[in-house]
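What you are looking at is a predicted structure, and each value in this text was computed from that prediction instead of being measured. Computed over heavy atoms, backbone and side chain alike; hydrogens, waters and symmetry mates excluded. Counting starts at 1 for both ligands and their atoms, following the listed order.
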Amino acid sequence: MYSKIQETASWLKAEMTTNPQTAIIMGTGLGHLADEIEVTRSIPYAEIPNFPQSTVEGHSGKLIFGKLGGKDIMAMQGRFHFYEGYSMKEVTFPIRVMYEIGIKTLFVSNAGGGTNPTFHVGDLMIITDHINFFPEHPLRGKNFPTGPRFPDMHEAYDRGLIRLADEIAREKGIEVQHGVYLGTQGPTFETPAEYRMFARMGGDSVGMSTVPEVIVARHCGIRVFGVSVITDLGIEGQVVEVSHEEVQRAANEVQPKMAEIMREMIRRS
Ligand code: HPA
């Protein structure tokens, strides 16, 4: 695996004309953040050696290099989910590559079902912590030399970046929630009983991504900031039918606010 990561990183370095230290993973329905990027180079995943290919509708599968908030950035439009059948090593492959090309800070976004009874559809939840409910751990197996065998996770989401996001949200009059993202494998949305269980376990937003990537980023010493867009509710007594299209629509509606926060954070961090 390590030689594949290095091969991909060398290939990308040869293609790159910028030197980004910031990467963004644009989740479901949030790929339009790409419209805000002054793109210098856009590479379909299919052209990148060893890169997995994304299969879900609404995840277009491109690596974008350019400027956002006046800084060089690299963005993943489309990510790899465990439910698609990828191994955890494949899901987190791009993060290992990011580390090799010099990424220091990672911004992640996702869509989630809100299990916190104070949440509404369209809320932006700054991720303060997560619960790993995936059936396989991304660091299972021989340890990579980028980090310890038993990595500390007491501050998976950088407190300084959370403070900065709060400051920017306050300045811009954007209301934000804070909460715990619980990552589970999917692809089913939750039954009412599962939402109830996740709420009691301490989750505020439930989704099918992000946790594996964040674990590997932390193992590499990459700082992380994450936002979960609440696209549907998993609140007791309020659970209704949910579809991928609805999730995308709800995410689309709030993405200008989210883009504003992300852009400003990148400018100031
Ligand atoms: N559950 C799991 N994943 C999700 C949800 C949800 O309710 N909404 C968006 N992604």
TODO: With heavy atoms of Ala111 as the reference, note each atom of ligand 1 found under 4.0 Å away.
DONE: 9 (C), 10 (N)
Open item on the list: What protein heavy atom lies closest to atom 8 (N) of ligand 1? Include the residue and the distance to one decimal.
Closed with: Asp232 OD1, 2.7 Å
Task: Where ligand 1 meets Tyr195 - atom numbers and elements under 4.0 angstrom, heavy-atom basis - done: 1 (N), 6 (C), 7 (O)
TODO: Please report which non-hydrogen protein atom sits nearest to atom 5 (C) of ligand 1, along with the residue it belongs to and the distance in Å to one decimal place.
DONE: Gly113 N, 3.4 Å
Open item on the list: In this structure, is the centre-to-centre distance between the rings of Phe93 and Phe80 below 6.0 Å?
Closed with: no
- [ ] Give a yes/no verdict on whether any heavy atom in Thr231 is under 4.0 Å from an atom of ligand 1.
- [x] yes
Open item on the list: Would Arg159 and Glu155 count as a salt bridge (charged side-chain N to carboxylate O under 4.0 Å, His left out) here? Give the steps.
Closed with: CA-CA 7 Å; Arg159 291 202 190 111; Glu155 191 183 333; 3.5 Å; yes
Task: Sub-4.0 Å heavy-atom contact, Gly207 with ligand 1 - done: yes
Task: atom 4 (C) of ligand 1: the protein heavy-atom neighbour that sits closest, reported with distance to 0.1 Å - done: Val206 O, 3.5 Å
- [ ] For the pair His219 (side chain) and Leu139 (backbone), establish whether a donor and an acceptor sit closer than 3.5 Å, ignoring hydrogens and angles.
- [x] no
TODO: Measure from the side-chain N and O atoms of Asp158 to the backbone N and O of Phe225, and report whether any donor-acceptor pair falls under 3.5 Å.
DONE: no
Open item on the list: Salt bridge or not between Glu246 and Arg249? Use side-chain N to carboxylate O under 4.0 Å.
Closed with: no
Task: Heavy-atom closest contact (Ser42 atom, Ile64 atom, distance) - done: OG-CG1, 4.1 Å
Task: Numbering as shown, the atoms of ligand 1 that approach Glu190 to under 4.0 Å (heavy-atom distance) - done: 1 (N), 2 (C), 6 (C), 7 (O)
